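First up is the structure itself, then whatever we jot down about it.
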Amino acid sequence: MLKDLTKISCLKDNVDKNVTIGGWVYHSRPGGKVIFLVVRDGSGLCQCIIEKTAVQEELFRQLAHLGMESSLTLTGTVRADSRSIGGYELAVTDAKVLCESTDYPITPKSHGIDFLLKNRHLHLRSQMPWCIGKIRHTLVNAIRQFFNDNGFTLIDTPIITGIVGEEAGSLFNVDYFGMPAFLTQTGQLHLECSALSFGKVYCFGPTFRAEKSKTRRHLTEFWMVEPEVAFAELPDLLEIAENFVSFIVKEVLEKNEAELKTLGADIESLKKITPPFYRLTYTHAVEILTSQKTQDFLASQLNEFKAQKQEIENKINALETEAKGQIKQWRQDKIATELIDLRSDLSEIETKIENNPKHAKLASQFQWGKDLGGSDETIISLMHDKPIFVTHYPRDAKAFYMKQDPDNPKTVQNFDMLAPAGFGEIIGGSIREDIYDKLLVRINEQGYKLENYQWYLDLRRYGSVPHGGFGLGVERTLAWFTGEKHIRQCIAFPRMMDKILI
RNA sequence: UCCCCGAUAGCUCAAUCGGUAGAGCGAGCGGCUGUUAACCGCUAGGUCGUAGGUUCGAGCCCUACUCGGGGAGCCA
C-alpha cells in the first residue's frame with residue numbers, strides 16, 4: 001500500500017502523471033457537479049477536484065458527504081493550477097474511503113485554548129501544530145548537527161537523579177525503591193564529569209521543573225540542550241553560543257520558510273541573527289535600566305500602546321456602527337468575527353498599558369545585587385534587534401557552582417542570552433568554579449551536605465581545568481523563531497502545572 | 001502562595017435598565033462547474049459552571065466554591 005502512494009510534497013515532480021495519494025480530508029467544499037476536497041497527508045495539502053462526470057455516481061455521492069478528517073485514498077492526474085493551495089491539484093478519477101468521520105470536533109472556525117488542549121490528540125493534525133512540528137524537527141536536527149560538527153561528544157545524562165543542580169527545591173520527587181530521587185532539572189553536573197573525559201560534550205533531552213509557574217513561558221517538562229566545554233573561558237562560551245544560535249536560525253530559515261510564513265513569523269528579524277551578538281555586563285544592564293533613556297523608551301512605548309489602543313477602539317466603533325445599519329447577513333457575520341479579534345487585541349494592549357508604569361518603576365528602582373526580573377529582561381530585550389548576552393551577575397543571586405570573577409569578586413562569570421524584541425531568556429550558562437578551596441567555601445556557605453558533593457569536588461582535585469557550559473530551551477527558542485506566544489504550542493504534548501493531558 | 005479576568009448550544013460569542021435565551025460556524029437535508037474560513041434555503045440543537053441569597057421576577061445583583069485564562073515570584 002505505502003509503496004503505491006505518492007506524497008503530496010512530491011506532486012510537483014509528477015505533473016500530468018496518474019498517481020494515488022493517501023490522506024485525510026482537511027476541508028470539503030461539495031458542489032452539485034464538482035467537489036473540492038483539500039486533503040492532507042502529513043507532507044502537505046492538496047486540493048482534489050472531483051467532477052461528477054469523472055467518477056462513478058455512488059462514489060460522487062459518498063465523497064460529497066465526507067466529513068472532515070475522513071481517511072481515504074484518491075487516484076487521479078496531477079496538474080498545475082495557481083488557484084490550488086500549493087500550486088498543484090489532483091483531477092480525481094477514483095477514490096477509496098477508509099474511514100468516514102462525522103462530527104469532527106475541531107472546525108475551521110476559531111477555538112479557545114482550553115478546548116484545543118483537551119483535543120490535543122486531534123488538534124495535532126491542524127496546520128499550526130503541524131508547521132511548528134516540522135520546524136521543531138529542523139531545529140532539533142540543527143542543534144545536534146552543530147555540536148556533532150564542532151567536535152562535541154553526545155553524553156546521555158540520567159533522567160532519574162539523586163543530585164540537585166541548583167539550590168531550587170522545585171524538583172519532581174521520585175520514589176526510587178524507597179529511596180528519595182528526582183527527575184533531572186539539568187544534566188550539567190554529569191556533563192562536567194564527562195567534559196573532563198571527552199573535552200567537549202553535550203546532552204540533549206527532557207528536563208523537569210516542578211515550579212508552580214502558570215505563564216506562557218513555562219512548561220514542567222521541556223527539552224534542553226546543554227554543551228559543556230573543558231579549557232573554556234567566558235569569551236569562548238559566548239562565541240560558541242552566538243555561532244550556535246546563528247546556525248540553528250539559518251537552518252530553520254533555509255528549510256522551513258513556508259512554515260514560518262504560514263505561522264506569520266518575523267522572517268526579516270530572524271535573518272539579522274548573525275554574530276556578533278550584543279555583550280552587556282549585568283552592571284551595565286542595571287545602569288541602562290535605571291537610566292533616563294530607559295524611562296524615555298518606556299514612555300514612548302506607552303504612547304505607542306495608547307495610539308494602538310485608540311486605533312483599535314476606532315475600528316471597533318466603526319464596525320459597531322456599521323453593524324447597526326441595514327447590511328447583508330454575511331457582512332454582519334464578518335463584522336462579528338472581526339470584533340472578537342479586535343476585542344482580544346484590545347485586552348492585550350490594555351494589559352501592556354497597565355503593566356508599563358509598573359515595569360518602569362521596577363526598572364528605575366532596580367538595585368545592584370538583585371537578579372534581573374522578567375520585566376527587566378523584557379525591557380533590555382526590547383531595546384535590541386539582536387540577541388544580547390548579559391554577563392557577570394552578582395554572586396549572591398546565582399548558583400554556588402558559578403566561578404567568581406577575579407576582577408570583581410562580587411560577581412560571577414556567567415551569562416544569560418536574551419532573545420530580541422521582548423522574547424526574553426533563551427540561554428543561561430556560566431564558567432564553573434574550578435578551584436577546590438573556593439568551591440568548598442561555596443558549598444559550605446549554602447549549607448549543603450558535603451558528603452553529597454565529594455564526587456563533584458573530586459573533579460577539582462584531579463586535573464581541574466577552567467570549564468563551563470550553558471543550556472538552551474528548545475520550546476522557548478521555537479516560540480521565539482515562530483512568533484508563537486505560548487510555549488505550550490511548541491511541544492506536541494505539553495506538560496503544564498496542574499495539567500497532564502494524554 | 002499572591003494579584004487580575006472569565007465560565008451562556010458541540011465550537012466562538014451576543015443578549016440595552018433585572019422583564020419570553022440569540023447569531024454564526026459545526027451537524028443533518030436540499031441547491032449551485034472553480035471553490036479558497038465559499039455561498040443560498042430548511043431542520044435539529046440550552047437545567048445560562050455548582051450551591052445558596054436578594055427580588056413579584058436573575059444569564060445579569062450579592063456570597064461561597066469549582067474549573068479555566070493571564071501575570072508576579074522562580075526559571076530555559
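Because the structure is predicted, anything quoted here is derived from the model rather than measured. Within every chain, numbering begins at 1; the chains are lettered A, B, ... in the order of the sequence lines, protein sequences first and strands thereafter.
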For [X], salt bridge (charged side-chain N to carboxylate O under 4.0 Å, His left out) partners two or more places apart:
X	value
A:E226	none
A:R40	A:E69
A:R61	none
A:R144	none

Contact check, side chains of A:P387 and A:L418, non-hydrogen atoms, under 4.5 Å: no
Base, sugar-phosphate, or nothing: which does [X] touch, judged by heavy atoms less than 4.0 Å apart?
X	answer
A:P206	nothing
A:L219	base
A:L472	nothing
A:T207	nothing
A:E226	nothing
A:Q47	base

So does [X] have more than 12 non-hydrogen atoms from other groups sitting under 6.0 Å from [atom1]?
X	atom1	answer
A:Q145	CD	yes
A:H137	NE2	no
A:K370	NZ	yes
A:E445	CD	yes

In whole angstrom, give me the gap between the [atom1] atoms of [N] and [M].
N	M	atom1	value
B:G22	B:U16	C1'	14 Å
B:G52	B:C60	P	14 Å
B:A58	B:U50	P	15 Å
B:U12	B:G45	C1'	16 Å
B:G26	B:A37	P	13 Å
B:G57	B:G19	P	14 Å
B:U63	B:C3	P	15 Å
B:A9	B:A15	P	15 Å

Residue whose nearest RNA chain B nucleotide is more 5′ - A:G31 or A:H65: A:H65
Comparing A:I49 and A:G473 on RNA chain B - which has the more 5′ nearest nucleotide: A:I49
Can you measure [X] atom [atom1] to [N] atom [atom2] for me and round it to whole angstrom units?
X	N	atom1	atom2	result
A:H218	B:C74	NE2	P	10 Å
A:L139	B:A76	CG	P	18 Å
A:D114	B:C13	CG	P	11 Å
A:H359	B:A72	NE2	P	6 Å
A:M68	B:U36	CE	P	17 Å
A:E211	B:A72	CD	C1'	13 Å
A:I491	B:A76	CD1	P	17 Å
A:F208	B:C75	CZ	C1'	16 Å

Nearest-neighbour nucleotide for the A:R217 side chain, B:G34, B:C74, B:G68 considered: B:C74
Closest listed nucleotide, where the reference is the side chain of A:R29 and the choices are B:A72, B:G34, B:U36: B:U36
Secondary-structure stems, RNA chain B, at least 3 Watson-Crick or G-U base pairs under 3.5 Å: B:1-7 with B:66-72, B:10-13 with B:22-25, B:27-31 with B:39-43, B:49-53 with B:61-65
Check: A:Y278 ring centroid to A:H384 ring centroid under 6.0 Å: yes
Over-ring placement of A:K386 relative to A:F277, 6.0 Å and 45° cut-offs: no
Syn/anti state of B:C17 by chi, 90° boundary around 0: syn
Is_stacked (A:F222, B:A76) at 5.5 Å, 30 deg: yes
Nucleic acid contacts - residues 478-488 of chain A versus RNA chain B, non-hydrogen atoms under 4.0 Å: A:H486, A:I487, A:R488
Residues in contact with RNA chain B, drawn from residues 80-88 of chain A - heavy-atom cutoff 4.0 Å: A:D81, A:R83
Counterpart residues, side chain to side chain donor-acceptor pair (under 3.5 Å), relative to A:D41 (two or more places apart): A:S43
Sub-3.5 Å pairs of nitrogen or oxygen atoms, protein against nucleotides 7-11 of chain B:
{"unit_1": "B:C11", "atom_1": "O2'", "unit_2": "A:S110", "atom_2": "O", "d": "3.4"}
{"unit_1": "B:C11", "atom_1": "O2'", "unit_2": "A:H111", "atom_2": "ND1", "d": "2.5"}

Pairing residues for A:A64 by the side-chain contact (heavy atoms from CB on, under 4.5 Å) criterion, not counting sequence neighbours: A:P30, A:I35
Qualifying residues under side-chain contact (heavy atoms from CB on, under 4.5 Å), relative to A:L90, sequence neighbours excluded: A:V19, A:I21, A:C46, A:C48, A:L74, A:V78, A:V92
Test applied, side-chain contact (heavy atoms from CB on, under 4.5 Å); reference residue, A:V225; option that passes from A:T207, A:L139, A:I143, A:T477: A:I143
B:G71 phosphate, OP1 or OP2, under 4.0 Å from A:R216 side-chain N/O: yes
Donor-acceptor side-chain pairing of A:Q62 and A:E100 below 3.5 angstrom: yes
Inter- and intrachain pairs under salt bridge (charged side-chain N to carboxylate O under 4.0 Å, His left out), touching residues 23-34 of chain A, at least two apart: none
